[in-house]
Protein chains: 2
Amino acid sequence: MSYSDFATLPCTLSRPAALLGERWTLLLLRQIFLGTRRFEDFQATMDISRSVLTDRLNVLLQEDVLKRVPYHEDGRTRHEYRLTEKGRDLYPVLMALRTWGAKWMAPDEEEFFQLHHRDCGGDVRAKVECTECAAELTARDVQVTTRQ
Amino acid sequence: MSYSDFATLPCTLSRPAALLGERWTLLLLRQIFLGTRRFEDFQATMDISRSVLTDRLNVLLQEDVLKRVPYHEDGRTRHEYRLTEKGRDLYPVLMALRTWGAKWMAPDEEEFFQLHHRDCGGDVRAKVECTECAAELTARDVQVTTRQ
DNA sequence: AGCTACAGTTCGGATTCCGAACTCAGGAGG
DNA sequence: CCTCCTGAGTTCGGAATCCGAACTGTAGCT
């Protein structure tokens with residue numbers, strides 16, 4: 001079993017983990033959620049090599065996380081990369097990373113960006129809950145049943 | 001700015017994203033949350049090369065996500081890798097991946113493992129909420145304010 | 001026609017990864 | 001004491017991936 005086999009295991013955790021676990025992919029998604037959409041802007045802000053950027057964008061297009069959308073500027077037609085619904089749905093993953101980072105890897109300096117609930121100005125955090133009783137859960141509250 | 005610079009940016013999202021975005025790291029954490037603790041078992045179940053496994057474990061030790069704990073077997077003392085509190089706190093990240101995977105990458109076959117709330121047997125899912133008003137949030141409900 | 005900007009592609013060298021063999025420590029068995 | 005065995009790495013040569021820089025192609029503007 002090689003790395004890429006985890007992308008096809010019948011496991012709803014290994015599949016996303018293999019996809020997003022490739023180098024640069026999480027950082028690329030961060031940049032996208034921050035509003036970057038164009039090849040040149042990804043390249044300039046992240047300083048990723050152009051060939052790897054091409055590859056990662058293509059993988060995310062293929063997985064239907066991103067879509068190429070035409071736009072007009074100076075009367076020209078170009079394309080930009082935007083999140084699909086599937087891609088937007090990755091928000092909790094990024095927020096879970098950020099919530100963890102805020103607790104355990106917080107920088108001394110000022111934060112690079114801040115997030116607030118539009119309606120009430122409150123802070124944003126990720127959590128795990130039970131769909132039945134709505135209790136907030138930690139790893140210890142959850143029973144794992146492995147197949148066989 | 002190279003890849004590793006994202007690990008030291010004053011950004012609570014880029015730091016975890018750079019750490020967990022290295023190849024194998026998310027899959028390694030998955031295996032740990034499934035109960036694997038020993039070098040040989042990681043190597044056998046994931047089929048990762050031994051040198052890369054050594055490297056990834058060392059990074060997670062250095063970041064205080066894992067700790068080496070002595071154990072006894074056949075009268076011998078060996079060491080195993082266990083989650084620290086910081087490591088256990090990554091649970092929402094893995095659950096967010098799984099929630100996304102269940103919605104968008106679900107396999108046709110039977111799931112590799114299942115999760116249930118110990119107390120009530122309910123399903124487990126990750127979500128994003130506002131710490132003020134407790135509303136569940138999507139990317140569109142959140143205002144991003146970039147520094148400067 | 002020439003210049004510019006965006007969005008890639010190509011390619012040689014550097015880095016990382018892989019697989020297999022090797023090392024090392026400690027206990028068991030003789 | 002000597003040898004075997006096992007877990008946990010380390011080493012190393014070849015393969016794959018990544019990087020940086022240059023190159024290509026397309027379309028509009030002057």
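Labels below follow one simple rule: chain letters A, B, ... track the order of the sequence lines, proteins then strands, and each chain is numbered from 1.
- For residues 13-33 of chain B, proximity to DNA chain D is found at no residue, defined as any non-hydrogen atom under 4.0 angstrom from a strand atom.
- Contacts of F42(B) with the nucleic acid, taken as non-hydrogen atoms under 4.0 Å apart, are absent.
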Worked check of side-chain contact (heavy atoms from CB on, under 4.5 Å) between T99(A) and D89(B): CA-CA 10 Å; T99(A) 300; D89(B) 238 11; over 6 Å; no

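- Between R125(B) and M95(B) the shortest side-chain heavy-atom distance does not fall below 4.5 Å.
- Taking the ring centre of Y71(B) as origin, the terminal cationic atom of R37(B) falls outside the region bounded by 6.0 Å and 45° from the ring axis.
- Going from atom CD of Q62(A) over to atom CG of L57(A) covers 12.5 Å, rounded to the nearest 0.5 Å.
- Within the 4.5 Å cutoff, the side chain of M105(A) has heavy atoms near those of the W100(A) side chain.
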Can you give each donor-acceptor pair under 3.5 Å made by side-chain atoms of residues 117-124 of chain B, sequence neighbours left out, with the distance rounded to 0.1 Å?
{"unit_1": "R118(B)", "atom_1": "NE", "unit_2": "R140(A)", "atom_2": "O", "d": "2.9"}
{"unit_1": "R118(B)", "atom_1": "NH1", "unit_2": "Q143(A)", "atom_2": "OE1", "d": "2.6"}
{"unit_1": "R118(B)", "atom_1": "NH2", "unit_2": "V142(A)", "atom_2": "O", "d": "3.4"}

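- No salt bridge links R78(B) with E40(B); every basic N to acidic carboxylate O contact stays at or beyond 4.0 Å.
- The shortest distance between side-chain heavy atoms of M46(B) and L53(B) does not fall below 4.5 Å.
- Residue pairs meeting the ring-ring contact (aromatic ring centres under 6.0 Å, His included) criterion with at least one partner in residues 27-48 of chain B, sequence neighbours excluded, are F33(B)-Y91(B).
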Under 3.5 Å between N/O atoms: give me all the protein pairs with nucleotides 26-30 of chain C, atom names plus distance.
{"unit_1": "dG26(C)", "atom_1": "O4'", "unit_2": "R76(B)", "atom_2": "NH2", "d": "3.2"}
{"unit_1": "dG26(C)", "atom_1": "N2", "unit_2": "R76(B)", "atom_2": "NH1", "d": "3.3"}
{"unit_1": "dG26(C)", "atom_1": "N3", "unit_2": "R76(B)", "atom_2": "NH1", "d": "3.2"}

Nucleotide N/O of nucleotides 20-22 of chain D paired with protein N/O under 3.5 Å:
none

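- A salt bridge between R68(A) and E80(A) is absent, with no side-chain N of the basic residue lying under 4.0 Å from a carboxylate O of the acidic one.
- Atom NE2 of H79(A) is separated from atom C1' of dC6(C) by 11 Å (rounded to the nearest Å).
- In this structure, OH of Y81(A) is placed 8 Å from P of dA7(C), rounded to the nearest angstrom.
- Taking every heavy atom of residues 53-72 of chain A and every atom of DNA chain C, pairs under 4.0 Å involve T54(A), R68(A), Y71(A), by number.
- A heavy-atom distance below 4.5 Å is not found between the side chains of Y3(B) and D47(A).
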Evaluate the side-chain contact (heavy atoms from CB on, under 4.5 Å) criterion for residues T12(A) and L97(B): first the C-alpha distance (whole Å), next the side-chain angles of each, then the deciding distance (0.1 Å), finally the verdict. CA-CA 8 Å; T12(A) 47; L97(B) 284 172; over 6 Å; no

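- Salt bridge status for E111(A) with R15(B): absent, with no side-chain N to carboxylate O gap under 4.0 Å.
- One can place CD of E40(A) at 17 Å from P of dG25(D), the figure rounded to the nearest angstrom.
- For the pair Y3(A) and F39(A), nearest-nucleotide mapping onto DNA chain C gives the more 5' position to F39(A).
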